[in-house]
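Here is the structure we will look at.
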Amino acid sequence: MIVCKFGGTSAADAAAIRRLVAIVAGRAEQRPLVVVSALAGALEALVRRHESVACELPGAEPAVGTVRADAEALRLWLSAALGRRLRPAEIDRLAGHGELWSSRLVAGAMAGAGMPSVWADIRPIMVTDDRFGRATPYVQVVNNRARECLRPLLEDALIPVTQGFIGATADAVPTTLGRGGSDFTAALLGAALAAGRVEIWTDVDGLMTADPRIVPAARTLAAASYEEAAELATFGARVLHPATAMPLVRAGIPIVVLNSTRPDSPGTTIEPSAELERMGDSPIRSISWKPGITVINVRAPRMLGAYGFLRTMFEVFERHEVVVDVLASGEVSVSLTVEDRSRLEPVIRELSELGDVWTEDRRAIVSVVGIGLRGTPGLASRIFAAVWPANVEVISQGASAINMTFVVREEDGPDVVRRLHQEFFGAS
Ligand code: ADP
Ligand code: ASP
Ligand code: MG
């Protein structure tokens with residue numbers, strides 16, 4: 001069997017759903033399981049639309065911060081109008097309707113086209129913890145339930161149509177997996193059902209050398225490794241959820257990223273053997289960026305020669321469940337980046353007990369990714385020469401040595417990405 005996941009734009013209107021139906025019909029012999037996503041809500045759709053328009057307009061990026069803040073204020077105002085603030089559990093219950101409705105539409109449209117489709121509720125299968133808005137699935141339970149509930153349908157030659165992004169706790173309280181979570185749903189189901197491949201149908205030709213909204217000349221990659229895809233996704237390439245590869249690595253199930261408006265284009269295949277694939281004449285595969293980042297600096301002279309300092313520091317982040325993305329450390333100072341500012345205040349208060357703390361917001365992470373980074377000497381100087389004259393902070397290279405990651409001012413991000421693209425791919 002195969003999994004075919006369709007993102008929001010691939011089910012956006014009647015024409016898109018007709019294309020989707022045709023794509024699945026063409027794969028009927030491969031026993032497809034269809035996973036559909038939707039926009040999380042009208043407000044989010046509105047925010048996203050502003051984000052995407054802003055990306056195409058040099059200088060407009062800072063406006064995105066205002067739009068996001070306004071949207072949050074609007075959400076609070078809306079719930080105040082209902083008499084009180086919506087609880088995260090209630091937000092998840094509301095947000096999940098997009099997927100429940102779109103999957104009904106798609107299942108119906110397939111039946112209308114004479115296909116043996118059957119709507120399947122993912123909620124009793126995708127059992128998660130109760131961290132609303134960013135719930136984590138219990139993989140073992142998901143594996144068992146997916147096999148129990150979905151395999152019989154596939155064996156009956158039916159085409160199940162189910163929902164991405166949403167799940168439920170063991171007590172059947174609805175949850176969501178966080179932005180982009182539908183890709184993760186598809187991967188978990190693909191792993192559970194030992195799929196031949198997991199197809200991610202979206203609005204671009206595949207994984208590209210950069211976000212085409214920033215770099216119009218970006219090229220589509222024929223292949224990438226799981227590791228590269230995960231690094232790119234973690235640092236801003238939203239075409240794939242960062243956790244998508246994780247469930248598929250052990251079984252070596254390929255992920256194929258495809259364009260639902262151009263179903264005949266080959267897309268990008270993400271699989272282990274991509275490690276060996278040549279990347280043309282460039283040592284790198286792709287450049288990603290992520291705005292909305294805050295840098296936290298901690299300077300503590302007593303850190304010199306002391307042990308246990310970093311542990312104490314990271315315990316603060318752990319207690320408040322704040323995710324740290326990039327880390328760089330000197331002798332008596334540490335710089336790290338976070339994306340989520342909502343729980344930052346107590347973190348900073350507690351860190352201040354360890355040393356001097358200062359933060360810098362409106363920053364962006366830029367990440368240059370490629371297996372070719374391993375053992376290509378002189379790349380760092382090429383990268384930083386291309387970045388100039390933008391100011392670079394918090395430089396970091398992971399142990400896997402397939403990415404070079406650093407922080408710039410948010411407003412410099414798009415230009416930095418374009419200059420790097422020009423340097424490594426000869427066009428922007
Ligand atoms: P879907 O709704 O199908 O899940 P997303 O909006 O989540 O689609 O992801 C597709 C978008 O990802 C593209 O429109 C593109 O702008 C953006 N993107 C960012 N970086 C990349 C990249 N390196 N390659 C391809 N697309 C990228
Ligand atoms: N509505 C979901 C989201 O905003 C769809 C998806 O997971 O792709 O991410
Ligand atoms: Mg997506």
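Because only heavy atoms are used, hydrogens play no part in the values below, and waters and symmetry mates are left out as well, while side chains stay in. We count ligands from 1, going down the list as the structure has it; atoms in each ligand are counted the same way.
When each atom of ligand 1 is checked for a heavy atom of Arg213 under 4.0 Å away, the hits are 13 (C), 14 (O), 15 (C), 16 (O). Listed by atom number, the atoms of ligand 1 under 4.0 Å from Asp203 heavy atoms are 10 (C), 11 (C), 13 (C), 14 (O). Shown in contact with Gly206 at under 4.0 Å from a heavy atom are these atoms of ligand 1, numbered in order with element: 24 (N), 25 (C). Atoms of ligand 1 found under 4.0 Å from any heavy atom of Thr202 (numbered from 1 in listed order, with element): 1 (P), 3 (O), 8 (O), 9 (O), 10 (C).
Looking only at side-chain heavy atoms (C-beta outward), Val173 and Asp130 stay at 4.5 Å or farther from each other.
Ligand 1 is approached by Val204 to a heavy-atom distance shorter than 4.0 Å. Heavy atoms of Ser37 come nearer than 4.0 angstrom to ligand 1 in no pair at all.
At a heavy-atom distance under 4.0 Å, atoms from both the backbone and the side chain of Met208 approach ligand 1.
Of the N or O atoms in Thr209, none lie within a sub-3.5 Å distance of an N or O in ligand 1. Annotation: Gly8 places an N or O atom under 3.5 Å from an N or O atom of ligand 1; distance criterion only. Between Ala237 and ligand 1, no N or O atom pair is found at a separation short of 3.5 Å. Remark: ligand 1 and Lys5 share an N or O pair separated by less than 3.5 Å (distance only, no angle test).
Contact between His320 and Arg343 at its shortest, heavy atoms only, is O-CD, 3.6 Å. The shortest heavy-atom contact between Val36 and Ser102 is CG1-OG, 3.7 Å. In terms of heavy atoms, Phe165 sits closest to Arg179 at CE1-N, 4.3 Å.
The closest non-hydrogen atom to atom 12 (O) of ligand 1, taken over Thr268, Val239, Asp183, comes from Val239. Looking at Val417, Leu207, Asp211, it is Asp211 that brings a heavy atom closest to atom 19 (C) of ligand 1.
Under the salt bridge (charged side-chain N to carboxylate O under 4.0 Å, His left out) criterion, Arg341 pairs with Asp361, not counting sequence neighbours. Every residue meeting the salt bridge (charged side-chain N to carboxylate O under 4.0 Å, His left out) condition with Asp205, not counting sequence neighbours, appears here in chain and number order: Arg262.
Ionic pairing of Arg27 and Glu199 is present here: one or more N-O contacts between side-chain nitrogen and carboxylate oxygen are shorter than 4.0 angstrom. Look at Arg19 and Asp203 and you find no salt bridge, because none of the NZ, NE, NH1 or NH2 atoms lies under 4.0 Å from a carboxylate O. Using a 4.0 Å cut-off between a side-chain N of Lys or Arg and a carboxylate O of Asp or Glu, Arg197 and Glu271 do not qualify as a salt bridge.
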